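Presented below is the structure to which this report refers.
Below, chains carry the letters A, B, ... as their sequence lines are ordered, and counting in each starts from 1. All values below were derived from every heavy atom in this structure, side-chain atoms included, with hydrogens, water molecules and symmetry-related copies excluded. Given the structure is predicted, the values throughout are model-derived calculations rather than measurements.
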Amino acid sequence: MPPLHQAPRGTRDFYPEDMAVRRHIEAAWRKASIDHGFDEVDGPTFEHLDLYTVKSGEGIVNELFSFRRAGGESTYALRPEFTPTLARMVAAKGASLPVPTKWFAIPSFFRAERPQRGRLREFFQWNVDVVGQGGAKADAEVIAVAVGALERLGLGPGDVQVRLSHRRAVANILARLGIAEDRLPAAFELLDRRDKLEPEAFARRSGELGLAGDTLARFDGLVRATVPVSESIEGLVRAAAIPEADVIDLVEMRSALEAVGIADWCRYDLGIVRGLAYYTGTVFEIHAVGAVERAVAGGGRYDGLIELFGGAPTPACGFGMGDVVLGLLLEERGLLGGADGHAGLLPRPDVFVIAAGSEAAEQLLLPLVTEFRRAGLHARHTYRATRNVGKLLGEASRSRARFAVILGQELERPEGPQAMVKDLLSGAQRPVLLASVVKEIAATA
RNA sequence: GAGACCGUAGCUCAGUAGGCAGAGCACCUGAUUGUGGUUCAGGACGUCGCGGGUUCGAGCCCCGUCGGUCUCCCCA
């Protein structure tokens, strides 16, 4: 026998129950997107390699699966993210797109990283973007879609939290504290690593940026404090002697978030900056409350990016949410199926048809199943030939079907052939004329 | 890319000093000639991740390799 093959490192096989989980998550993403007025798009699974070096530089190449066709000239890469494709698609359509353009996608992505918890080499990620529209309302709209999907999956403000900040507000504060403009990127990077650094290391690196003494204390206090959006961010910055005007963008976000009813999911957190250089305004991450897990989602405003890919200057805002971390969170909270486990997410048959032994019953089995299917019902049947109705009903029960239809003795009734219809929830059963079984079950199921 | 731990039945795992590879659950059959998750009896189930080495003998020790988990790097 040839040896068994293994799936490549960091990839997953989706057996039926895994697939049911994946579809469950995707369905929530898709439903939330569509309800919020977004249209679904997709692009190729691989792109020209240089599409990815435009934004991220040559360093990105090590993180990609790239390849060249045998004998070919072009180098391609499996897509590691959607934004370059989106920017390319937007730039290609130019001014013919509506304003705003609201798109979402649920593609698979590939990254040549070492897999670890919450992080694989192939994964699915929901991307939602509003293109062509600036302002706090668009930012809040994008966050509301993310929250809508999480809510649909059974999570609440007690489970997950949107941590919200704003690049411009943080830049204003940093400038106010005396950080030179050319040091801003380094300051953002330091902020992003805040939680990973020891306090001493954080203080030392802050010092390298020109912060010391009282200024450092103000900086430290600001980036470590978080405030519910419903409370006063103005108070927080005033306490650090920062003019309220510096954080006007965050103040505007409050009313936008309140208007779409998700303010109670959100906290201001000035330590959230996102590592990426291209964010220009609102930035946010969604985290499980009290978990050390990596972010469930992250995104923000990137007004310069479409232009970077050759389009007209276009404001845009979006986020990505991966299936891996989200799946871990839902699993941990018991939100992936009830008592049946993941099997609870599989489609339930409307009817399970069994033939109890006789030749006549077996002859009728497939035609009846076919009739059920033509009526639009999810019908399954036994493949076994036995008179043991107990076994067959056990099979019907394990299939989680709503009804069992037994073809057997009742076919011989003088008033005409009948089937026994059993309600598998209540256990009640009654004979029904064979000719009207499909109609009756279709009316109930 | 660097380091640590792990890999035994479909699943969860035990396996002592190197000496016949085990348990529970799940599965199949029967008790039960037509009534479902219970009970009882029986049954099937293994390249011990893979390859090599040491040994009279390896699930166990050694080397390598593949995969998983975790930390670092990175995180679009």
Side-chain angles (χ1 to χ4, degrees), chain A residues 1-13 15 17 47 51-57 59-64 77 79-87 107 109-121 123 125 127 189 192-193 196 274-279 283 285 292-295 297-300 302 305 308 318-322 324-325 328 339-343 352 354-358 361 382 384 386-401 403-412 419-431:
Chain A
M1 240 174 41
L4 248 47
H5 294 281
Q6 285 180 321
R9 164 183 286 206
T11 64
R12 290 169 289 177
D13 292 323
Y15 290 94
E17 292 187 12
E47 295 270 11
L51 183 71
Y52 298 117
T53 55
V54 167
K55 186 185 99 191
S56 313
I60 195 74
V61 174
N62 293 327
E63 317 277 326
L64 299 176
R79 62 182 169 199
E81 59 166 327
F82 195 64
T83 308
T85 299
L86 178 94
F109 296 107
F110 308 86
R111 296 181 186 176
E113 300 173 298
R114 180 125 183 205
Q116 50 185 281
R117 182 175 173 83
R119 191 175 189 187
L120 298 172
R121 288 184 160 189
F123 56 95
Q125 187 175 281
N127 284 257
E189 196 196 325
D192 194 44
R193 299 182 52 78
K196 284 194 174 178
R274 309 283 295 154
L276 295 170
Y278 64 76
Y279 286 113
V283 284
E285 291 179 0
V292 291
E293 209 84 61
R294 60 187 66 245
Y302 50 96
L305 204 62
L308 186 63
F319 72 87
M321 183 186 295
V324 183
V325 175
L328 289 170
D340 295 334
H342 296 177
F352 192 97
I354 63 187
S358 77
T382 185
R384 295 203 277 193
T386 171
R387 288 166 192 281
N388 190 334
V389 170
K391 291 270 184 255
L392 295 170
L393 280 173
E395 201 184 355
S397 176
R398 279 191 300 276
S399 84
R400 301 165 58 251
F403 292 99
V405 170
I406 305 163
L407 298 174
Q409 294 169 348
E410 295 79 7
L411 295 170
E412 309 299 329
M420 192 60 85
V421 173
K422 187 176 179 84
D423 181 328
L424 289 171
L425 286 183
S426 68
Q429 65 177 27
R430 63 197 178 86

Among B:G68, B:C73, B:U35, which nucleotide sits nearest the side chain of A:Gln116?
B:C73

What does B:G22 pair with, Watson-Crick or G-U, if both distances are under 3.5 Å?
B:C13

Of the options B:A2, B:G30, B:G68, whose atoms approach the side-chain atoms of A:Lys391 most closely?
B:G30

Is there a donor-acceptor contact under 3.5 Å from the side chain of A:Arg111 to the main chain of A:Pro80?
yes

Sugar-phosphate only, base, or nothing, as touched by A:Glu410 at under 4.0 Å among non-hydrogen atoms:
base

Examine B:U35: is either OP1 or OP2 under 4.0 Å from a nitrogen or oxygen in the side chain of A:Gln429? Give yes or no.
no

Would you call the rings of A:Tyr302 and A:Tyr278 parallel, tilted or perpendicular, taking 30° and 60° as the class edges?
perpendicular

Nearest-neighbour nucleotide for the A:Arg387 side chain, B:U33, B:U35, B:A76 considered:
B:U33

Looking only at side-chain atoms of A:Tyr278, point me to the closest of B:A76, B:C73, B:G36.
B:A76

Report which part of the nucleic acid A:Asp423 touches: base, sugar-phosphate, or nothing (heavy-atom distance under 4.0 Å, all strands).
base

Provide the Watson-Crick or G-U wobble partner of B:C27, both distances under 3.5 Å; none if there is no partner.
B:G43

Please check this pair: side chain of A:Lys422 against backbone of A:Gly427, looking for a donor-acceptor N/O pair closer than 3.5 Å.
yes

Which part of the nucleic acid, if any, lies within reach of A:Gly394 when heavy atoms closer than 4.0 Å are counted: base, sugar-phosphate only, or nothing?
sugar-phosphate

Which nucleotide, B:G30, B:U33, B:G68, lies nearest any side-chain atom of A:Arg9?
B:G68

Scan every strand shown for a Watson-Crick or G-U wobble partner of B:C72, both distances under 3.5 Å, and answer none if you come up empty.
B:G1

Roughly how far apart are A:Leu120 CG and A:Arg9 CZ, rounded to 0.5 Å?
12.0 Å

N or O in side chain of A:Arg384 less than 4.0 angstrom from B:U29 OP1/OP2
yes

